[in-house]
Amino acid sequence: MSILLRLIIEFFKTGLFSVGGGLATLPFLYEMSDNTGWYTHADIADMIAISESTPGAIGINMSTYAGYTTAGVPGGFAATLGLALPSLIIILIIARFLDRFSDNKYVKNAFYGLRPASIAMITAALFNVVRVALVDLNAYAQTNSIVSLFRPVPILMAVILYFVMKKIKWHPVIFLAISAVIGIVLKL
Amino acid sequence: MKELTELYAAFFRIGCVNFGGGYAMLPLLERDLVTRRGWTTMDDLADYFAIGQCTPGIIALNVSTFIGYKKKGVAGAIASTTGFLTGPIIIILLIAAFLSNFADLAIVQHAFAGIRVCVCVLILNAILKLWKKSIVDKTTFILYLVILFMAAVAPSILSVNVPKAILVIASGVFGILFGRSGKEAAA
């Protein structure tokens, strides 16, 4: 079987079975590493670090990387295509269904429960970012003092950003760029 | 064709700056697609994220597909999804080819420590905006607290780790059983 086709099939399976996004792809990526040898476990660790510092999801990044190392640039595209296809197909089916049944009482009621759950998931994601950006769990574990849990400079920066964003409606990208510069200048 | 190109371009831009995973995409979508272009609403985005969370695949791709489909059918879905993927593919190919130690560079680490602070505030703002339409009464507020506890607190403190997809599906079932569609329609 051609290598490109195998890349598409393997990453199609990852896209199909990883529900919940982001880190949900990891168990499948480890398994694929063991089965195919296309990349190592260390590569996955590196890719997690890279995914935290580039745009794009870990699954997308890993598929591009594994595809590239296995079969060059065409491999990068093939693997990423494989990963994306299940999303595309399944969401198209659901979107069609919703178009037809969006006025249905049961569908409406389902969203009565889905919306709070969606916000709860977003809040959980916020906690995850806060955990690495604003608090210092290591310092807290060492000193056991609640004061050491908080990282004053990032927290102050977050508060200032919050009020500036309220006043000035710039594109989020501009604030992201400014924050990157602040991070470099202050060596956060 | 013009609309497809616009969809592709809009999602290409978002894909290039979507730091911090699927949910960090929300503020970008809000600014580019809700405020600037009026292609979708914050309410619809909340629904897409709920569905994207409990269906297979990468959340960001699921949401891109949804918006593209709503705007221009199957072709629109393909345009938005490929648009979203283009930036990350190019960036990873460049890193894989030239910058294997990219993530270890001190300047990159400092920059991303700063970006993460900004992502916190952006996600918080998105939550505040979605709150009003989603947490409409006491029942939805309690449901929110329960799901948040199960998703964020229970895994580390109680070592109980219910898959997020299950939590979302259970919330949908809860809505079907206890929701009142008349009230929803008025909102």
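The analysis underlying the following values was restricted to heavy atoms, covering all of them including side chains, and did not include hydrogens, waters or symmetry mates. Throughout, a chain's letter reflects where its sequence line sits, starting with A, and its residues are numbered from 1.
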- Could you list all the side chain to side chain donor-acceptor pair (under 3.5 Å) pairs where at least one residue sits in residues 75-94 of chain B, not counting sequence neighbours? B/Tyr8-B/Thr86, B/Thr65-B/Thr81
- B/Phe178 versus chain A, heavy atoms under 4.5 Å apart: side chain, backbone, both or neither? backbone
- Message: At a 4.5 Å cut-off on heavy atoms, which part of A/Tyr65 comes close to chain B: side chain, backbone, both, or neither?
- Response: both
- Task: Search all heavy atoms of A/Ala133 against all heavy atoms of B/Arg116 and return the closest pair with its distance.
- Result: CB-CB, 3.9 Å
- Interatomic distance, B/Leu93 atom CG to A/Tyr68 atom OH [nearest 0.5 angstrom]: 7.5 Å
- Task: Identify the heavy atoms of A/Phe127 and B/Ala152 that sit nearest to each other, and give their distance.
- Result: CD1-CB, 3.6 Å
- Mind running side-chain contact (heavy atoms from CB on, under 4.5 Å) on B/Thr35 and A/His171 for me, showing each step along the way? CA-CA 11 Å; B/Thr35 314; A/His171 196 285; over 6 Å; no
- Message: Ignoring hydrogens, what is the shortest heavy-atom contact between A/Ser118 and B/Ala46? Give both atom names and the distance.
- Response: OG-O, 3.2 Å
- Query: Under 3.5 Å, is there a donor-acceptor pair linking the side chains of B/Tyr144 and A/Thr123?
  - Reply: yes
- Note: A/Arg115-B/Asp43 ion pair, threshold 4.0 Å (strictly below): no
- What part of B/Arg13 gets closer than 4.5 Å to chain A, counting heavy atoms only: side chain, backbone, both or neither? side chain
- Message: How close do A/Met121 and B/Ala151 get, counting heavy atoms only, and between which atoms?
- Response: SD-CB, 4.1 Å
- Task: Check each atom of A/Lys166 against the heavy atoms of chain B and say whether the ones under 4.5 Å are side chain, backbone, both or neither.
- Result: neither
- Separation between CG (B/Asp47) and CG (A/Leu114), nearest 0.5 Å, reads 7.5 Å
- For A/Leu134, is it the side chain, the backbone, both or neither that has a heavy atom under 4.5 Å from a heavy atom of chain B? side chain
- Message: Taking side chain as everything from C-beta outward and backbone as N, CA, C, O, which of these in A/Leu81 sits under 4.5 Å from a heavy atom of chain B? Side chain, backbone, both or neither.
- Response: neither
- With rounding to the nearest 0.5 Å, note down the distance linking OG1 in A/Thr64 to CG in B/Leu85. 7.5 Å
- Nearest-0.5 Å distance that lies between atom CD1 in A/Ile119 and atom CG in B/Leu148: 11.0 Å
- Rounded to the nearest 0.5 Å, what's the gap from OG on A/Ser179 to CD1 on B/Ile115? Could you check? 7.5 Å
- Query: Can you name the nearest heavy-atom pair linking B/Ile51 to A/Phe111, along with the distance?
  - Reply: CD1-CZ, 3.7 Å
- Message: Please classify the contact between A/Pro154 and chain B as side chain, backbone, both or neither, with a heavy-atom cut-off of under 4.5 Å.
- Response: both
- Message: Heavy-atom pairs under 4.5 Å with chain B: which of A/Ile178, A/Leu126, A/Val173 has the most?
- Response: A/Leu126
- Which bit of A/Leu88 is near chain B, if near means a heavy-atom gap under 4.5 Å: side chain, backbone, both or neither? both
- Note on the structure: Turns out that what part of B/Ile166 lies under 4.5 Å from chain A's heavy atoms comes down to neither
- Task: For B/Tyr69 and A/Asp99, run side-chain contact (heavy atoms from CB on, under 4.5 Å): C-alpha distance rounded to whole Å, both residues' side-chain angles, the deciding distance at 0.1 Å, then the answer.
- Result: CA-CA 10 Å; B/Tyr69 175 80; A/Asp99 267 357; 3.4 Å; yes
- Query: Remaining members of A/Val132's ILVMFWY cluster at a side-chain heavy-atom cut-off under 4.5 Å?
  - Reply: none
- Query: Is it the case that one hydrophobic cluster holds both A/Leu188 and A/Ile184, taking links as side-chain heavy atoms less than 4.5 Å apart, direct or via other members?
  - Reply: yes
- Query: For the candidates B/Cys120, B/Pro88, B/Ser64, which exhibits the highest count of non-hydrogen atom pairs separated by less than 4.5 Å from chain A?
  - Reply: B/Cys120
- A/Ala158 to B/Val121 - nearest heavy-atom pair and separation: O-CG2, 3.5 Å
- Note on the structure: Whatever's closer than 4.5 Å to a heavy atom in chain A on B/Val108 counts as side chain
- Query: Say you draw a straight line from CG of A/Leu161 to CG of B/Leu124; how long is it, rounded to the nearest 0.5 Å?
  - Reply: 11.5 Å
